[in-house]
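Worksheet: one structure, shown below.
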Number of protein chains: 2
Amino acid sequence: MAATQPGTGRNGKRPSVTDVARLAGVSVGTVSNVLNRPENVAPPTRAKVEAAIKELSFVRNASARQLRSGELNTVGAVVLDIANPFFTEMARGIEDRLAQDEYTLMLCSSDENPEREGRYLRLFEEHGVRGVIATPSEGSLDTLLAMRERGIDVVLLDHTSPLPDLPSVAVDDVGGGALATEHLLAQGHTRLAFLNGPLTLRQCADRRDGVMQTLTAHGLDPATSLVEIALEALNADGGDDGMRRLLAADGPTPTATFCVNDVTALGALRALRDLDISVPGEMAVVGYDDVMFANMLATPLTSVRQPMYKMGWTAADMLLRRGSEDLTAEQVEFEPELVVRASSGPA
Amino acid sequence: MAATQPGTGRNGKRPSVTDVARLAGVSVGTVSNVLNRPENVAPPTRAKVEAAIKELSFVRNASARQLRSGELNTVGAVVLDIANPFFTEMARGIEDRLAQDEYTLMLCSSDENPEREGRYLRLFEEHGVRGVIATPSEGSLDTLLAMRERGIDVVLLDHTSPLPDLPSVAVDDVGGGALATEHLLAQGHTRLAFLNGPLTLRQCADRRDGVMQTLTAHGLDPATSLVEIALEALNADGGDDGMRRLLAADGPTPTATFCVNDVTALGALRALRDLDISVPGEMAVVGYDDVMFANMLATPLTSVRQPMYKMGWTAADMLLRRGSEDLTAEQVEFEPELVVRASSGPA
DNA sequence: CTGAAAGCGCTAACAG
DNA sequence: CTGTTAGCGCTTTCAG
């Protein structure tokens with residue numbers, strides 16, 4: 001007899017339950033049963049069906065399946081930048097927790113572009129994801145809220161929730177900014193620089209608040225004691241460029257720089273090295289996140305640590321538990337922690 | 001009149017085209033038209049429909065859509081480890097190319113676990129992705145091939161294709177391993193260590209071949225000139241542990257170590273630093289990948305550079321073009337490049 | 001334990 | 001230009 005062309009179905013299309021049923025000599029209902037409730041099917045029948053499945057190399061069509069029976073074991077996540085170790089660590093946390101419940105992650109990065117973020121969120125929704133974990137940029141909160149109205153679980157990540165019933169996992173960034181600033185002040189620095197991203201990003205705005213509050217609490221006038229540099233991009237090149245602009249600016253050069261994250265600090269350190277400016281001698285540097293490589297740099301980087309993996313894990317956990325357990329929205333806030341290293345010695 | 005509860009449909013379910021049609025006073029066909037061919041709908045009608053869509057905050061159901069009309073603008077990618085900058089850089093390349101054509105990426109990491117990889121691949125297929133980009137681990141090649149039989153485009157990434165008609169993007173890892181070894185030998189080292197991952201991973205096996213070939217080409221006997229350490233994990237902790245085991249081993253300690261990737265080298269350097277062993281004085285170190293932070297480490301790391309972003313971009317490009325253009329399978333191979341830095345000075 | 005039949009939400013003919 | 005209608009592949013009653 002002619003061997004069935006595997007996978008090539010009858011007519012080049014993917015084989016369906018109907019094809020399997022026909023080949024096994026049973027009805028589609030039975031096929032569906034062996035797929036979903038094998039224990040309810042008599043072993044001989046089941047064997048026949050399984051043989052047919054293998055023979056045709058049949059693969060379930062998730063779309064049809066979901067269309068009929070609702071749920072789908074997928075959650076979507078949008079982060080700001082997948083190339084930043086801060087977010088990848090979080091993604092690992094999310095993925096690991098999701099894997100426990102056989103859920104799958106659709107991961108996208110918005111590049112801090114609200115439009116791109118919106119596109120991804122809409123796509124997630126169209127695909128019927130069970131839930132969404134998002135690091136929202138400004139403006140996308142409304143979209144997220146609307147999705148929730150429509151029954152999609154939402155957890156905010158790296159963002160405190162503005163609503164009592166919207167779960168979130170965050171870190172106190174105002175406190176983190178303050179921590180970094182206090183440290184620099186304690187080291188005797190009085191003229192600081194802050195390489196920051198757009199204030200439309202909550203993280204940037206909050207860390208800045210922490211800086212400002214600390215400065216004024218110490219009786220310093222930000223106008224004279226702080227130089228702010230707006231970064232073009234929150235990556236190493238952005239930090240490199242920002243540091244060069246800082247050094248080229250008019251007026252007295254600060255003796256210490258606080259970078260809004262470690263990747264950016266890496267770039268700043270690179271510029272400093274290329275320009276032959278010693279760290280921390282001529283310029284102290286503090287980063288934020290405490291990513292894996294922070295303590296391995298030429299001058300180990302002082303940084304504000306965030307529990308990234310745990311944050312991701314927790315967010316996923318909240319999302320998954322939300323279905324099964326009570327619906328009280330948790331709002332977890334982790335505390336940042338200053339890790340002092342060589343890059344921020346005294347002035 | 002009572003405001004329609006947005007999103008809460010008639011009965012708590014997501015609103016469908018039927019709901020929209022009813023509210024707008026048109027037929028579902030017309031709704032479908034404004035969704036897919038708005039230019040074929042009279043402006044007034046279109047306006048009514050659009051108003052209804054907004055009113056109900058209707059969101060298309062991608063499952064139903066795909067079920068009916070086949071294709072879906074999604075491609076899946078499985079990489080070995082999403083936390084490794086090497087793979088994230090590639091992912092960025094993939095994502096950026098995909099975004100150009102409005103495609104979306106489902107990204108998963110297999111953790112070098114073939115079972116997990118298989119699960120993800122099956123899931124992709126069930127979801128009807130248009131194509132798959134995979135960094136296959138051993139054994140999964142068959143799965144990939146089977147998927148291709150069933151009409152899913154497959155591109156191998158960081159893996160040379162074993163089949164003439166299966167497209168792939170790779171780097172010459174044998175050459176890369178040779179490059180690193182040649183360099184170390186040229187520096188006068190004669191006792192080398194190789195911190196490598198499992199040989200079931202093609203990258204590891206190939207780089208090892210490069211090492212071996214170079215050694216014998218120079219008349220050295222691997223048995224006496226090379227110590228191989230099998231890493232438990234291809235991350236920083238794995239490298240740290242591997243280096244400690246190397247130093248604790250019997251026999252003369254090598255004077256140079258080649259690490260199978262940079263993340264691993266980072267860990268090895270950490271161990272060396274903690275143990276107060278100078279680099280490159282007492283131990284030279286060479287990594288692989290040349291990730292972003294390689295040149296910023298305490299001792300800038302000599303490494304074998306791979307064009308990660310470009311690799312990802314190219315793979316996605318091949319996948320996308322495969323649909324539209326001719327079907328000749330390309331097999332791109334990039335050349336690795338040695339980047340010498342301080343970590344590998346002379347013995 | 002198995003079969004028959006309805007229908008999930010959408011798109012694509014085809015009529016009008 | 002708009003309406004009607006027939007499925008896409010699957011799960012799920014409901015009978016037998």
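These numbers come from a predicted model, not from an experiment. Atoms considered below: every heavy atom in the structure, side chains included; atoms not considered: hydrogens, waters and symmetry mates.
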Would one find a side-chain N or O of A:S27 under 4.0 angstrom from OP1 or OP2 of C:dG3?
yes
So for atom CD, which belongs to A:Q100, do other residues, nucleotides or ligands contribute more than 12 heavy atoms lying within a distance under 6.0 Å?
yes
A:N36 side chain vs A:S32 backbone, donor-acceptor pair below 3.5 Å:
yes
All salt bridge (charged side-chain N to carboxylate O under 4.0 Å, His left out) counterparts of A:E125, not counting sequence neighbours
A:R150
Taken in chain and number order and not counting sequence neighbours, the residues that satisfy side-chain hydrogen bond (donor to acceptor under 3.5 Å, both in side chains) with A:R119 are none
Per-nt protein contacts along nucleotides 6-15 of chain C (heavy atom under 4.0 Å; B base, S backbone sugar-phosphate only, - none) come out as BBBBBBB---
side-chain contact (heavy atoms from CB on, under 4.5 Å) partners for B:P162, two or more places apart
B:L141, B:L156, B:L166
Correct closest heavy-atom pair for B:P15 and B:L56 would be CG-O, 3.5 Å
Enumerate the residue pairs fulfilling salt bridge (charged side-chain N to carboxylate O under 4.0 Å, His left out) with a member in residues 99-111 of chain A, sequence neighbours excluded, ordered by first and then second residue.
A:R97-A:D101, A:D111-A:R116, A:D111-B:R92
Terminal axes of the helix from C:dC1-D:dG16 to C:dG16-D:dC1 (five pairs each): angle between them, nearest 10 degrees
30°
In whole angstrom, what separates B:E125's CD from D:dG9's C1'?
15 Å
Quick one, B:L35 and B:V49 - any side-chain contact, counting heavy atoms below 4.5 Å?
no
